[in-house]
Amino acid sequence: TLSSRSQVSTGGGDSCFVAFTDSHQALHSEHRSSEVKVMLHSLNKAWSLCRNIFPSSVRIPEQLVSFTSNTPLEYLIPTASGAGMYTTLLLDFLVRAHNSFLDECKIVKKETSTEKWPLQQIPIAYVQQLHTLNYEAQLHSIITSHCQYSLITGQGQEVQYDFPGLEKSLVDHFIHGKPRILLEIPYVMYRRDIHGVEQFNKINENFPQIKLSPKIQQEILGELGSMPRLKETLDTLEIVMAFLGTAVGVKVDMKLSTYADNLRMQFSPKIQQHCHLSHVLSLWETLSIALAIQHVMRKQEPFDGINGQFWCQTLTVPQTDNLKHVLRQFKLDQLVVGLFQLISIYIRNATQQEHATSIVDGMQLFKDIYAPDKDPIPLCMEQFPKDITLGQAIETWKYIVHYQNRVEPHPLI
């Protein structure tokens, strides 16, 4: 429940500021409040017992002495890195302890009994309380039920244990039938994390991508129309993309709308009609560029989450004059798409030292690591001014959008 809320409600961008108590209040309307309280109590108890057992190389933040109602939500959601990795570490430790105990019990039983004792397996995402070794409440009563007390004159009370009966009861109550847990932690991937070469290549590898035709692109954009609908659809698509990067056993030819239905999300009729999972990146590109262009035409920043200090440097007058001259040699649509990809996928994750690299060299580096079987680099890139750097790429893209709008007005702007 918390994982799905982090994907849909905050998109990961704000989850570090969302306290558990805020999410808990939202869950109250779903009649999940008491259940989540119990889960938080269990998590806190497990953490307090295990945190000092972790290797010394694991540096636990000071704010994670315990989990409280004010703990940021991002610490409660398992992720492969960042704040959520501490929850992942705890899950890993508990699952290994559980499985190790069952394996030892099976070895002992095999040595002392001819009874077959198969161990079932269950993915961690489907674990319920009945699957775990929960002995705290019943252990004392089971032990005392297998004791015989007698009073001996002059010696006081004598206790005799029925060890065979006690062993059988312990095995039957707490061990027999418990499954091994498969350590397949359902990591959350925030929407901000999909804007990377690795994630795009994973999607392309799992679901070989094809381009939407210009006609279908225009139909989809025409149907969505307004900026709010574009943004809403893009948000939904990026959530789907976050899941697709790790999807297993999903048919390549599945309709995008069918996959989205499983996540309880919906797309517009045109997207439902035309788009399969093989069109995801093309649809993302279509929606993202259309939304960014609308931002530019409204004098708003088209790329959020990129450090303006390094990546929003202005063009000089000579550079602008030279760029205007060479743009006549380019297919502007192709240049807009290629440069947009460079900024959204490569520059967004680049190091600060790379801001002085030329756009021409940056495009080549980008091509080498992003879907090398495809060619996002516009033709005639060798004609592009070599003194324009990656640090000026955003301003360059904005200039090209304005230039294109003057010479080839976009029908939907």
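As the structure is a computational prediction, the values presented were derived from the model and not from experiment.
Between the CD1 atom in Ile345 and the CZ atom in Phe340 there is a gap of 8.5 Å [rounded to 0.5 Å]. One finds the CG atom of Asn99 at 13.5 Å from the NZ atom of Lys178 (value rounded to the nearest 0.5 Å). Separation of atoms CD (Glu238) and OG (Ser288) is listed at 6.0 Å; rounding is to 0.5 Å. Of the inter-residue distances, the one linking Thr144 atom OG1 with Leu166 atom CG reads 10.0 Å to the nearest 0.5 angstrom. For the atom pair CD1 of Ile289 and CH2 of Trp284, the computed distance is 7.5 Å after rounding to the nearest 0.5 Å. To the nearest 0.5 angstrom, Thr396 atom OG1 is 7.5 Å from Ile343 atom CD1.
Atom NZ of Lys386 sits in a crowded spot, with more than 12 heavy atoms from other residues, nucleotides or ligands closer than 6.0 Å.
Take Glu354 and apply the salt bridge (Lys or Arg N to Asp or Glu O under 4.0 Å) test, not counting sequence neighbours, and it matches no residue. Shown here are the ring pair (Phe, Tyr, Trp, His ring centres under 6.0 Å) partners of His146, two or more places apart in sequence or in another chain: there are none. Judged as a salt bridge (Lys or Arg N to Asp or Glu O under 4.0 Å), and not counting sequence neighbours, the contacts of Arg180 are Asp103. Residues satisfying the salt bridge (Lys or Arg N to Asp or Glu O under 4.0 Å) test with Lys168, not counting sequence neighbours, are Asp172. Considering only residues two or more places apart in sequence or on other chains, Ser358 meets the side-chain contact (heavy atoms from CB on, under 4.5 Å) condition with Val360, Asp361. For Ala46, the side-chain contact (heavy atoms from CB on, under 4.5 Å) test picks out Leu90, Leu94, with sequence neighbours left out. Residues meeting the side-chain contact (heavy atoms from CB on, under 4.5 Å) test with Pro179, sequence neighbours left out: Gln120, Ile122, His131. For His276, the ring pair (Phe, Tyr, Trp, His ring centres under 6.0 Å) partners two or more places apart in sequence, or in a different chain, are His279. Looking at residues two or more places apart in sequence or on another chain, you find a side-chain contact (heavy atoms from CB on, under 4.5 Å) between Gln300 and Met227, His295, Arg298.
For the pair Leu212 and Ile220, the minimum side-chain heavy-atom distance is below 4.5 Å. At a threshold of 4.5 Å between non-hydrogen side-chain atoms, the residues Met363 and Tyr346 do not count as touching. For the pair Thr389/His355, no side-chain contact is recorded, criterion being any heavy-atom separation below 4.5 Å from C-beta on. Between Leu230 and Leu221, some side-chain heavy-atom pair lies under the 4.5 Å cut-off. Counting heavy atoms from C-beta outward, Val252 and Asn206 have side chains that stay 4.5 Å or more apart. Using a 4.5 Å heavy-atom cutoff, the side chains of Ile293 and Trp397 are in contact. The shortest distance between side-chain heavy atoms of Phe93 and Arg51 does not fall below 4.5 Å.
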Decide yes or no on side chain to side chain contact (heavy atoms under 4.5 Å, CB included) for Leu287 and Leu224, but give the supporting numbers first. CA-CA 10 Å; Leu287 299 178; Leu224 296 176; 3.5 Å; yes
Should Val250 and Phe207 be marked as a side chain to side chain contact (heavy atoms under 4.5 Å, CB included) after you check the CA-CA gap, both sets of side-chain angles, and the distance that decides it? CA-CA 9 Å; Val250 180; Phe207 309 94; 4.0 Å; yes
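Smallest separation of non-hydrogen atoms from Leu342 and Ile359: CD2-CG2, 4.3 Å. Across all their heavy atoms, Ala292 and Pro302 have their closest contact at O-CB, 3.6 Å. Closest heavy-atom contact between Ile203 and Gln209: CG2-NE2, 4.1 Å. Taking all atoms of both residues into account, the shortest heavy-atom contact from Ser282 to Ile210 is CB-O, 3.7 Å. Counting all heavy atoms, side chain and backbone alike, Ile143 lies closest to Cys147 at O-SG, 3.1 Å. Of all the heavy atoms in Pro208 and Ser278, the pair that sits closest is O-CB, 3.4 Å.
A donor-acceptor pair under 3.5 Å is absent between the side-chain atoms of Gln341 and the main chain of Glu285, judged by distance alone. Between the side chain of Ser100 and the main chain of Ala97, no donor-acceptor pair closer than 3.5 Å is present. Remark: side-chain polar atoms of Gln272 are paired, donor with acceptor, to backbone N or O of Phe267 under 3.5 angstrom.
Residue pairs meeting the side chain to side chain donor-acceptor pair (under 3.5 Å) criterion with at least one member in residues 254-265: none, sequence neighbours excluded. Counting only residues at least two apart or in different chains, salt bridge (Lys or Arg N to Asp or Glu O under 4.0 Å) contacts with residues 217-228 comprise Lys215-Glu219, Glu219-Lys270.
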Name the atoms and distances for all side-chain donor-acceptor pairs under 3.5 Å in residues 314-327, with sequence neighbours left out.
| residue | atom | partner | partner atom | Å |
| --- | --- | --- | --- | --- |
| Thr316 | OG1 | Gln319 | N | 3.2 |
| Thr316 | OG1 | Gln319 | OE1 | 3.3 |
| Gln319 | OE1 | Thr316 | N | 3.0 |
| Gln319 | OE1 | Gln392 | NE2 | 2.9 |
| Gln319 | NE2 | Asp387 | O | 3.0 |
| Gln319 | NE2 | Gln392 | OE1 | 3.4 |
| Thr320 | OG1 | Thr316 | O | 3.0 |

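Salt-bridge formation is detected for the pair Glu395/Lys398: a Lys NZ or Arg NE/NH1/NH2 atom is positioned less than 4.0 Å from an Asp or Glu carboxylate oxygen.
The aromatic rings of Phe163 and Tyr161 lie tilted to each other, with the angle between the two planes from 30° to 60°.
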